[in-house]
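Read the structure below first, then the notes.
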Amino acid sequence: MNPIAKLFQSAKVFTWDFMLVLVNTFTPNLKSGEVVAQGHPGYKGKWPDYQPPKDGDSRCACPALNALANHGILPRDGKNISFKEMGRVVNESYNFAPSFCFFVPNYSANFMNKNYSKDTFDLAELSQHNAIEHDASLTREDTHFNADQSKPHIPFVEELLSYATGKDSEGRALLTADDIARYSAKRRADSQANNPEFSLETIHKFFSSSNNSTMLRIFGGRVDDLRTMLVEERIPEGWESVCQARKGLTMASFNRTAMTVEKATTKFLAKKD
Ligand code: HEM
């Protein structure tokens, strides 16, 4: 796609997203238990059978997409997925707005040099280094240390969860935006110090804080749920997205959280110097 067409496409997506913000503002939230619509996997918290990946299955650096394959919502082998299918199931399962669910799969098709409407991909292709995947992740070792981005590095996940300082009304542990930012700053400092190939361009800082913000905006920072998602890449029984907005989590709303997390990460990094 030429740069002018790309610009028009982005303008269309941002306008669409803004419309969804308006609908979310003026319509009531979805009811608890009905964030996943009737007839779809996960309705009233009933998720299809979980099976961890088998040898030869394709998985990627994204815990949330791997979980969809582990539950058979995406193909269990993680292969031959269309970009539209990925967007559709992310919308239906996690309640991200359809604007986000077009934008990110379309961005993925572009970096893979594939056609969004016609081509398919295997999950592993999403882990192309320095496309969306980047150094200093919270759940994966840097590519320099481990080229296989398909599995979580459990010591990082446990360390991240141990940073939780929040509590919900029933006393259960919660990760706050500052907790996540503090751990992200630690990962960035450690990677920079130890990885001779370390890089984190501005766009990857933004992807890093966006991915990290899903833990707040979709999982509500709940440590128990995040442990299941990040360690086993499994959706907890009875779980639903904490985003109950009728049209889902818009890019406008999500990006505000990502900016807050990125600013806090930069602040904690500066304190380390
Ligand atoms: C819409 C399609 C999506 C694509 C193409 C995608 C892609 C990716 C990629 C490539 C990474 C690796 C980034 C890194 O190097 O750390 C990643 C990480 C992550 N994603 Fe996704 N993702 C998508 C949707 C989601 C959704 C819906 C959620 C949450 C419900 C989510 C949560 C996460 C989390 C928690 C990480 C881990 C961050 C880390 O290890 O630092 N993603 N995603």
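Computation of the quantities below employed the complete heavy-atom set of this structure, encompassing side-chain atoms and omitting hydrogens, waters and symmetry-equivalent molecules. All ligand and atom numbering here is 1-based and tracks the order in the structure.
With atom 14 (C) of ligand 1 as the reference point, the heavy atom nearest to it among Ser209, Ser137, Cys243 is part of Ser137. Between atom 10 (C) of ligand 1 and the options Leu160, Leu126, Ile180, the minimum heavy-atom separation is to Leu126.
Taking every heavy atom of Ile218 and a limit of under 4.0 angstrom, the matching atoms of ligand 1 come to 30 (C). Set against the non-hydrogen atoms of Ser108, the atoms of ligand 1 under 4.0 Å away are 5 (C). Atoms of ligand 1 found under 4.0 Å from any heavy atom of Phe96, numbered from 1 in the order shown, are 27 (C). Each of the following atoms of ligand 1 lies closer than 4.0 Å to a heavy atom of Phe219: 29 (C), 30 (C).
For the atom pair CD (Gln149) and OG (Ser137), the distance works out to 6.0 Å, reported to the nearest 0.5 Å. With rounding to the nearest 0.5 angstrom, the CZ atom of Phe219 is 4.5 Å from the CH2 atom of Trp239.
In this structure, the protein non-hydrogen atom closest to atom 36 (C) of ligand 1 is Pro63 CD, 3.4 Å. Here the heavy atom of the protein found nearest to atom 41 (O) of ligand 1 is Leu138 N, 2.6 Å. Looking at atom 6 (C) of ligand 1, its nearest protein heavy atom turns out to be Leu65 CD1, 3.7 Å. In terms of protein heavy-atom proximity, atom 26 (C) of ligand 1 is closest to Ala64 CB, 3.7 Å. When hydrogens are left out, the protein atom nearest atom 40 (O) of ligand 1 is Thr139 OG1, 2.6 Å; that is the closest non-hydrogen contact. Atom 9 (C) of ligand 1 has its closest protein heavy atom at Ile132 CG2, 3.8 Å. What sits closest to atom 13 (C) of ligand 1 on the protein, heavy atoms only, is Asn211 ND2, 3.3 Å. Counting only heavy atoms of the protein, atom 24 (C) of ligand 1 lies nearest to Cys62 SG, 4.1 Å.
Not a single N or O atom of Gln149, backbone or side chain, sits closer than 3.5 Å to an N or O atom of ligand 1.
For Lys114, the NZ atom is densely surrounded, since the number of other residues' heavy atoms within 6.0 Å is greater than 12. Few gaps surround NZ on Lys44; more than 12 heavy atoms of other groups in view lie less than 6.0 Å from it.
Although no hydrogens or angles enter the test, the distance criterion places no donor-acceptor pair under 3.5 Å between the side chain of Gln244 and the main chain of Asn29. Between the side chain of Asp142 and the backbone N or O of His144 there is no donor-acceptor pair closer than 3.5 Å.
Residue contact check for ligand 1: Asn212 places a non-hydrogen atom closer than 4.0 Å to it.
If you look at Phe254 and Phe96, their ring centroids are closer than 6.0 Å.
Residue pairs meeting the side chain to side chain donor-acceptor pair (under 3.5 Å) criterion with at least one partner in residues 171-180, sequence neighbours excluded, are Thr165-Asp179, Asp168-Arg172, Glu170-Arg172, Thr176-Asp179. Applying the side chain to side chain donor-acceptor pair (under 3.5 Å) test to every pair with at least one member in residues 65-74, sequence neighbours left out, gives these pairs: Arg59-Asn70, Asn66-Glu233.
Under a cutoff of 6.0 Å and an axis angle of 45°, Arg187 and Phe156 form a cation-pi pair.
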